[in-house]
Every structure is written in C-alpha cells, then in structure tokens.
Amino acid sequence: MPELPEVETVVRDLRPVLIGRVFLGVSHGELKLRHAWNPDWNRFIIGSKVHSIERRAKWIVIDLGAPGTVLVHLGMTGQLTTQPADSPMADHVHLCFQCDAGMDLRYRDIRRFGGAEFHAGPNGWKERLKQAGLGPEPWDMKKSDWLAALAGSRRPIKSILLDQRVLVGLGNIYADESLFQARIHPLRLGSSLQPNECGRLLASACSVLDRAIASRGSTIRDYVGGSGLRGGYQESLAVYGREGMDCGACAGTVVRQVISGRSAHFCPSCQPIEPGGSGSGHVVP
DNA sequence: ATGCAGTCCTGTAAGC
DNA sequence: TGCTTACAGGACTGCA
C-alpha cells in the first residue's frame, strides 16, 4: 500500500531516468480509474519534456514546464514504472506514456483506486491539491499546530493520524508503527494526549517514515518502486501485520482491532489505554 | 461542525 | 476439489 515512503521511493527512482525525457504519445485503457485520464490532455503532453519530479503528500508531481503538470496518485495498488517500450504489457496497465529513447512510463493499478490527472499552467496542480485540503508534511508540522489539532479532537488518535487534512503521508501501516514507537494506544482520544505524548508521537512518525524511506518503503502485496524493485521495510515492522505474534519489546502479544473501519495493530502492554500506564496489565477497552 | 459508516475495486486466502 | 465469503485500505460521499 503506497504511503509516503513508497511514493518518495517511486519519485527518487524515476528522477534519474525520466527527467529530460520527452513524451511522444499517450495510450490509455477503457476501464474507469478513480483519477481518470482525459484524452483531451494528450495534446498538452505530447512534445513536452519532463522538467522535474517531486512528491507532495502521496501525490507524484511531474512538472512539464509551461504546458502544465501531471499528478499521479497510486491509490492502493498503483505502480508507476519506466520500462523499455518493447517490453510486454502487464495486466492492469491503464496508462502508458511513450517517451523518447525507447522508454515507456506505465501506470498499472489492479484495484484502480489511483490514476493520473493533468493540470495546465504553472499553478493548476497547486490549486488541485489545495482543494484537497492537505495538511503539512510530517517534518514541516509546527509543534503548536500539532498540539492544537490533537487537543481539539475527540476522535481516536489512529483516525487523526490517517486524516490527510491534519498531517499527510501516514497510511494504515505507518500510523500503527508510529503509535507503537510512541507507546500510545490507537484508541486514545486526541484531546486526551499530554503535550509530551503529542511531541513523542510526531517525532516517532518522522523517524518511522525516515527509516522506511531508507529501506525503500514496505512491500506488503503489490507495491514496487519506480524501477520495479520491491521495498524492504516490511522486515522491520514492529506491529503491522503481526497479529498474534510476540511483541518485540515486551513479553506481550500484538493484537488487531478495527478502529474507524481499519485494522489497528498494537501491543496492549506497551501501549496501555490508560495514560501513564506502566504496562502491568492488558487493558481491554 | 464533527465524526463515523459506507463505497469503490480485485486478487488472495480462509472456510465450508 | 470447487465454490463462497471475508479481507486488504486511500480517499471520497453521505448521514446522523
């Protein structure tokens, strides 16, 4: 599942091979994507050169200079990779940008929760993302804003971490890992967190994301980087996907509980529901 | 205003 | 063995 580290890895993989390439054509499938490609955009794309590739939240931003910008969201199973133009087309490839030098940029997405959009002009894409109401990158989050956001919310902290309007980049995997590293129970309400816990949680999120990026992200099922390589951070996960297994930090066992419709993985011993709990008992909410 | 449940989508795996 | 069902979750919609 592409979260911030996976998207960052795709961007870093694509940069050296895609910057400077010129799009010669675009082909797309019939199936509907969440972010469907409009064929009217082809005329902006064809003949345009890739100036830069950046990441904002979980979006890939491909800057084509004056014509505009391509935004790609990987959704859950999206893959954006470069391949030789004569390589066989895999199943579920919905979009293919033909580049010069015999190279394709292909978008493959099994569950079709992602897709690509084109936004004309220098600021079109910024308006699009502004409309999404994205919060700051975790490393740019101001401590005072973070404290205020948590203090003013009576939602479970797990839900808050997944809300991209508060903070971008975390998905289910890294939200669980961040909460474990900060030793905070996912059901704790935002307003119940003490300032030191808030600070610890933000620092944990940044640190988990940093380490995941260094490992090229986590490949749980479908994720691959821009070069087609899998990630490695799944080997370092402390709680996600480890239901029923030993907690690596204590004698407890990792449990799974549905919170806000998503699986939350945590160690009830290391992450007590009672603030300041010592871990002496397994608290069942 | 706020938070939650439902929805999309398909491959995988568990269960009968 | 073959079928059915549950599950995975990012981001959006609609409801209470």
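Order of the sequence lines fixes the chain letters, A, B, ..., with proteins taken first and strands second; residue numbering starts at 1 for each chain. Remember, predicted model here, so these are calculated numbers, not experimental data.
If you take CG of A:L4 and C1' of C:dG10, they are 14 Å apart, rounded to a whole angstrom. C:dA11 atom C1' lies 16 Å from atom CZ of A:R112, rounded to whole Å. If you measure from atom CH2 of A:W59 to atom P of C:dA11, you get 8 Å, rounded to the nearest angstrom. Regarding A:Y240, its OH atom lies at a distance of 14 Å from the P atom of C:dC7, rounded to whole Å. Distance A:D109 CG to C:dG10 P: 13 Å, rounded to the nearest Å.
Taking the 5' to 3' direction, DNA chain B first and last meets chain A under 4.0 angstrom from a heavy atom at B:dG3 to B:dG11.
Judged as a side-chain contact (heavy atoms from CB on, under 4.5 Å), and not counting sequence neighbours, the contacts of A:R211 are A:Q181, A:S207, A:V208, A:Y233. Residues satisfying the ring pair (Phe, Tyr, Trp, His ring centres under 6.0 Å) test with A:H94, not counting sequence neighbours, are none. With sequence neighbours excluded, the residues forming a side-chain contact (heavy atoms from CB on, under 4.5 Å) with A:A149 are A:V166, listed by chain and number. Residues meeting the side-chain hydrogen bond (donor to acceptor under 3.5 Å, both in side chains) test with A:S48, sequence neighbours left out: none.
Contact annotation: A:H73 does not reach the phosphate of C:dG10 (side-chain N/O to OP1 or OP2, under 4.0 Å). Checking the phosphate oxygens (OP1, OP2) of C:dA8, a side-chain nitrogen or oxygen of A:R256 falls inside 4.0 Å.
Applying a 4.0 Å cut-off to non-hydrogen atoms, the residues of residues 164-176 of chain A that approach DNA chain C are A:Q164, A:G171, A:N172, listed by residue number. The stretch residues 209-217 of chain A has no heavy atom under 4.0 Å from DNA chain C, so no residue of it qualifies as close.
Residue pairs meeting the side chain to side chain donor-acceptor pair (under 3.5 Å) criterion with at least one partner in residues 60-76 of chain A, sequence neighbours excluded, are absent.
In the set C:dG10, C:dA8, C:dC12, C:dC12 carries the atom at the smallest distance from any side-chain atom of A:R128.
Closest of all the heavy-atom pairs between A:S269 and A:P272 is O-CD, 3.7 Å.
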Show every donor-acceptor pair shorter than 3.5 Å between a side-chain atom in residues 132-139 of chain A and any protein atom, with sequence neighbours excluded, or say none if there are none.
unit_1: A:E137; atom_1: OE1; unit_2: A:R55; atom_2: NH1; d: 2.8
unit_1: A:E137; atom_1: OE1; unit_2: A:R55; atom_2: NH2; d: 2.9
unit_1: A:E137; atom_1: OE2; unit_2: A:R55; atom_2: NH1; d: 3.4
unit_1: A:E137; atom_1: OE2; unit_2: A:R56; atom_2: NH1; d: 3.0
unit_1: A:E137; atom_1: OE2; unit_2: A:A57; atom_2: N; d: 2.8
unit_1: A:W139; atom_1: NE1; unit_2: A:D210; atom_2: OD1; d: 3.2

Residues 19-28 of chain A side chain polar contacts: donor-acceptor under 3.5 Å, at least two apart:
unit_1: A:R21; atom_1: NE; unit_2: A:D100; atom_2: OD1; d: 2.7
unit_1: A:S27; atom_1: OG; unit_2: A:Q98; atom_2: NE2; d: 3.1

Using a 3.5 Å cut-off and no angle test, enumerate the donor-acceptor pairs between side-chain atoms of residues 119-126 of chain A and protein atoms at least two apart in sequence or in another chain.
unit_1: A:H119; atom_1: NE2; unit_2: A:E117; atom_2: OE1; d: 2.8
unit_1: A:W125; atom_1: NE1; unit_2: A:P122; atom_2: O; d: 3.4

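Between A:C96 and A:Y107, the closest side-chain pair of non-hydrogen atoms is not below 4.5 Å. For the pair A:E54 and A:I60, the minimum side-chain heavy-atom distance is 4.5 Å or more.
Residue A:S263 is in sugar-phosphate contact alone, with no base atom involved, counting any heavy-atom pair closer than 4.0 Å across all strands shown. Among the heavy atoms of the strands lying under 4.0 Å from A:R34 is at least one base atom, whether or not backbone atoms are also near. Within the 4.0 angstrom heavy-atom criterion, base atoms lie near A:R262.
Partner of A:L179 under the side chain to side chain contact (heavy atoms under 4.5 Å, CB included) criterion, out of A:L161, A:V239, A:L170: A:L161 alone.
Listed for the A:T219 side chain is no donor-acceptor partner under 3.5 Å among the backbone atoms of A:R230.
Atom CZ of A:R15 sits in a crowded spot, with more than 12 heavy atoms from other residues, nucleotides or ligands closer than 6.0 Å.
Heavy-atom distances to DNA chain B give each of A:K32 and A:R154 a nearest nucleotide, and the one nearer the 5′ end belongs to A:R154. Nearest-nucleotide positions on DNA chain B place A:S153 closer to the 5' end than the other of A:S153 and A:R111.
For the helix from B:dT2-C:dA16 to B:dC16-C:dG2, the terminal axes (five pairs an end, C1' atoms, rotation from four pairs onto the next four) enclose an angle of 60°, given to 10 degrees.
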